[in-house]
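See structure below.
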Amino acid sequence: MTGDLLLFAFSAGLAIAFALAMVVQKTPVRSVLALVVTFFGMAVLAVMLAAPFIAAIIVIVYAGAILVLFLFVIMLLNLNEEAREKETRPVQRALGLVAALALGGLLLGVTLRAPAPPVGTPSAGPRIPLLDEIPVIGRLLFSDYLFAFEAVAVLLLAAAVGALILSKRRMD
Amino acid sequence: MSPATFDLLAAIAKIAVVWAITLAALLPNLVWMERRGAGLIQDRPGPNRVGPLGLFQALADVLKMFMKEDVTPLYVDKLLHTVAPAILLVPALTTFAVIPFGSSIPVLGREVKLVIADVNIGVLYVFALTSVGVYGLVLAGWASNNKYSLLGGLRSSAQIISYELSMGVSAVAVLVSAGSLRPSDVVAWQAANVWNCVPQVVGCIVFIVAAFAETNRVPFDLPEAEAELVAGYHTEYSAFKFGMFFMSEYANMIAASAMIVTLYFGGWSLPFVTFTGVWGGLLSMVVFWAKTLFFICVFIWVRWTLPRFRYDQLMNLGWKVLLPLSVLNLLVVAWIVATKGGA
């Protein structure tokens, strides 16, 4: 169990530290990379929750596709260093702090109210064979959540077509 | 010995075997094969001075890369410039974790499956690693602070994202017919039925062409097109950092060949042959690596035969030919599997 705990602490810490780095970092390219590391930390957490499929999807979709496109755009725009703000915007700063505190408080409250995990070490007994979650997810997507699934597909298609039209219009 | 210790030792032994084969046996000799093969195809001797038949040329090349001065240009992003080659090399080498390189060997009364990690998301894992490898190329291009490098990095990311789609869709057809994402199940299905390259010949061709694009090999080596971009993303690299780019190209080639063999050419299996016992297990390994070596030779053969594509041709091929073909292949396979009543 201590091994699992160490792994959890490491990957959760990694995810949080790099999420912070993403916000604080002044170079946009490095921010994107910090976010990539955060997603890797989250993928490890998903594996620890016995959901390796989700872990693979996080890496393929987020790290492998979306963030590469982010990087692509940032490089094309050639944003090297974020320009330093001249005015400090005191009101926004205070509001941001309040919002962050409220969100953190909410998350903390939910976590503390959650029922306590079962006591005792499950590792003492024989390890429960992992359920193959891929057929389960597939069946759910094409039965209970069919409408949502198709709606998302149509939405993505609409977005792709919209992007094409926008770029085409500029060219004409 | 407790089962846990046994599993740990078996895993370490398997990693040692796989890396010994890929890193020590295949990688250096591939460089020799590539250069001698180029010589053969272009009707010239190729490197033939170092050792018999020039066999020690790879050794000399590696030594040269170690001994050279490692120049870091003044205006590069030092951290990313250093990390980029490693980001490219590590995914290339870790792909082998899920590829079954043999059937199984009985050791101390237990059957040891010849695959390092027999996970149920194996094929997805390979695609995840491929998509992470892109960062190595893109970052090398960006961190070098050189317009040729940047263009090379951008080209490579656009190319890999485009071809990953058709590669993934054609692989999905294989997974649908095998009914599993586990590479060893895919191989077992092919051993029990027929190699996927026969019923899914379209998907197989699409996958192989996309694999050439994913590994940045000719005819898709636009990211390092020397006639236009000096050397593309690795223009500003020297000594061993350049060596790492060099190594990862060959490691990627080995990994891509191993994936082609696993998904379409029956992995370690041979038709009408069952591998049992220790010798059977070892023989199945020989079969797997022999098939892989064959596809590596195809990679080399194509490189010295075909000219480079133009960029618009590359994009047209990827989006207008390969992707529709792979989707069509998937639809046909899915329809057949569905009418048969599921795999």
Side-chain angles (χ1 to χ4, degrees), chain A residues 3 21 25-37 39-40 43-44 46-47 50-81 123 126-127 129-139 142 160 164, chain B residues 3-4 7 75 77 79-80 83-84 87 90-91 98 117-139 141-145 147 149-162 164-165 168 172 175-176 179-182 185 233 342-343:
Chain A
Q25 186 60 245
K26 290 279 183 227
T27 323
V29 170
R30 288 193 175 191
S31 293
V32 173
L33 293 176
L35 195 57
V36 173
V37 180
F39 280 125
F40 269 95
V44 175
V47 171
F53 179 69
I54 305 294
I57 293 300
I58 288 177
V59 174
I60 294 176
V61 175
Y62 286 96
I66 296 178
L67 288 184
V68 171
L69 287 181
F70 275 29
L71 209 58
F72 204 86
V73 171
I74 287 172
M75 283 177 180
L76 279 180
L77 293 178
N78 209 6
L79 302 170
N80 276 328
E81 189 103 352
S123 61
R127 281 223 163 179
L130 284 182
L131 185 75
D132 196 353
E133 80 269 30
I134 299 161
V136 180
I137 293 176
R139 258 182 222 113
F142 282 95
L164 266 180
Chain B
D7 286 346
Y75 295 105
D77 186 318
L79 176 70
L80 297 181
V83 169
I87 296 179
V90 169
V98 296
D118 195 19
V119 288
N120 65 343
I121 53 155
V123 176
L124 280 182
Y125 168 86
V126 174
F127 280 106
L129 284 181
T130 322
S131 51
V132 171
V134 186
Y135 284 102
L137 301 179
V138 179
L139 287 180
W142 184 79
S144 295
N145 202 0
K147 62 185 166 210
S149 301
L150 183 64
L151 280 172
L154 289 176
R155 278 186 181 188
S156 78
S157 59
Q159 170 179 334
I160 291 181
I161 289 175
S162 308
E164 216 174 13
L165 273 175
V172 166
L175 305 176
V176 165
S180 171
L181 268 79
R182 197 188 295 269
D185 288 350
Y233 54 87

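Labels below follow one simple rule: chain letters A, B, ... track the order of the sequence lines, proteins then strands, and each chain is numbered from 1. Only this structure's heavy atoms are used, side chains among them; waters, hydrogens and symmetry mates stay out. Given the structure is predicted, the values throughout are model-derived calculations rather than measurements.
Heavy atoms of B:V138 lying under 4.5 Å from chain A belong to its backbone as well as its side chain. For B:F127, the parts lying under 4.5 angstrom from a heavy atom of chain A are both the backbone and the side chain. For a residue to count as touching a neighbouring chain, one of its non-hydrogen atoms must lie under 4.5 Å from one of that chain's; by this rule B:L181 touches chain A with the side chain only. The contact between A:V36 and chain B is made entirely by side chain atoms (from C-beta outward), counting heavy-atom distances below 4.5 Å. For A:L33, the part lying under 4.5 angstrom from a heavy atom of chain B is the side chain only. Of the two parts of B:A143, neither the backbone nor the side chain holds a non-hydrogen atom closer than 4.5 Å to a non-hydrogen atom of chain A. Of the atoms belonging to B:I161, it is side-chain heavy atoms, and not backbone ones, that fall under 4.5 Å from chain A.
Every residue was checked against the ring pair (Phe, Tyr, Trp, His ring centres under 6.0 Å) condition with A:F53, not counting sequence neighbours, and none meets it. Scanning for ring pair (Phe, Tyr, Trp, His ring centres under 6.0 Å) contacts around A:F70 gives an empty result, with sequence neighbours left out.
The CG atom of A:L67 sits 10.5 Å away from atom OG of B:S131, with the distance rounded to the nearest 0.5 Å. Put simply, CD1 on A:I60 and CD on B:E164 are 7.5 Å apart, with the number rounded to the nearest 0.5 Å.
Note on A:I57, A:V68, A:L71, A:L69: by heavy-atom pairs under 4.5 Å with chain B, the leading option is A:V68.
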Practice problem: Using the side chain to side chain contact (heavy atoms under 4.5 Å, CB included) rule, take B:L129 and A:V59 through it: C-alpha gap first, then chi angles, then the decisive distance, then the call. | Solution: CA-CA 8 Å; B:L129 284 181; A:V59 174; over 6 Å; no

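No side-chain heavy atom of B:W142 sits under 4.5 Å from any side-chain heavy atom of A:I74.
A:A56 and B:A128 get closest at one heavy-atom pair: O-CB, 4.4 Å.
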